[in-house]
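Sequence positions, counted from 1, serve as the residue numbers for this chain.
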Amino acid sequence: MSRELAYLPEVSRDFVEAVSYYEALSPQAALQFEEAFTLAETEIADGLVTHMRVFDHYHRVFVGRFPYNLYYRLHGSRAVIVGVLYARYSPQRI
């Protein structure tokens with residue numbers, strides 16, 4: 001099963017903020033974050049696993065060893081990625 005991925009506009013902002021943070025630490029950390037993000041996207045797109053539902057109809061997938069999560073919602077064969085959020089935010093902020 002393969003899923004089409006769609007992104008809310010906020011996702012690019014979230015992604016850029018995370019990459020910028022890791023870029024400030026080291027270029028290698030930023031590259032590793034981008035690779036982990038791509039793997040998380042692949043997990044969602046492959047559709048072999050449906051990740052844990054955490055809020056109503058929103059699923060969460062971990063971004064590798066980084067303290068970030070991708071949140072998405074399923075609409076048929078489409079997965080809409082709604083955010084890339086720091087995992088230590090309070091549930092109210094998420």
Side-chain angles (χ1 to χ4, degrees):
M1 174 184 185
S2 182
R3 293 184 181 129
E4 174 189 353
L5 298 182
Y7 301 83
L8 292 185
E10 295 83 5
V11 173
S12 63
R13 181 198 65 220
D14 295 343
F15 179 77
V16 168
E17 284 179 14
V19 170
S20 295
Y21 171 78
Y22 287 110
E23 185 69 37
L25 296 177
S26 82
Q28 185 63 27
L31 287 174
Q32 290 172 347
F33 177 80
E34 289 180 36
E35 290 172 3
F37 182 86
T38 300
L39 285 173
E41 287 177 310
T42 301
E43 282 185 25
I44 296 168
D46 286 348
L48 299 175
V49 152
T50 299
H51 300 89
M52 186 171 123
R53 200 180 300 186
V54 288
F55 302 107
D56 296 322
H57 301 288
Y58 296 97
H59 299 266
R60 175 183 67 202
V61 60
F62 301 109
V63 179
R65 62 179 181 83
F66 296 90
Y68 281 84
N69 298 315
L70 256 83
Y71 290 89
Y72 67 97
R73 187 173 183 166
L74 296 175
H75 292 281
S77 64
R78 184 182 210 194
V80 179
I81 299 175
V82 298
V84 182
L85 301 176
Y86 185 61
R88 296 180 183 136
Y89 283 154
S90 70
Q92 293 79 17
R93 184 168 180 184
I94 292 173

Could you list the residues that satisfy side-chain hydrogen bond (donor to acceptor under 3.5 Å, both in side chains) with Y7, not counting sequence neighbours? E41
Residue of the set Y71, Y22, Y68, F33 for which ring-ring contact (aromatic ring centres under 6.0 Å, His included) holds with Y86: Y68
Supply the atom-to-atom distance [X] [atom1] to [Y] [atom2], rounded to the nearest 0.5 angstrom.
| X | Y | atom1 | atom2 | answer |
| --- | --- | --- | --- | --- |
| I81 | Y58 | CD1 | OH | 13.5 Å |
| R60 | L85 | CZ | CG | 11.0 Å |
| R3 | H75 | CZ | NE2 | 12.0 Å |
| L5 | L70 | CG | CG | 9.0 Å |

Check whether L25 and V16 end up in the same hydrophobic cluster, where Ile, Leu, Val, Met, Phe, Trp and Tyr are linked by side-chain heavy atoms less than 4.5 Å apart. no
Kindly give the heavy-atom pair with the smallest separation between V19 and A30, and that separation in Å. O-CB, 4.0 Å
Closest non-hydrogen atom pair, E34 against F15: CG-CZ, 3.8 Å
Side-chain heavy atoms of V11 within contact of V84, under 4.5 Å: yes
Are side-chain heavy atoms of R73 and D56 found at a separation under 4.5 Å? no
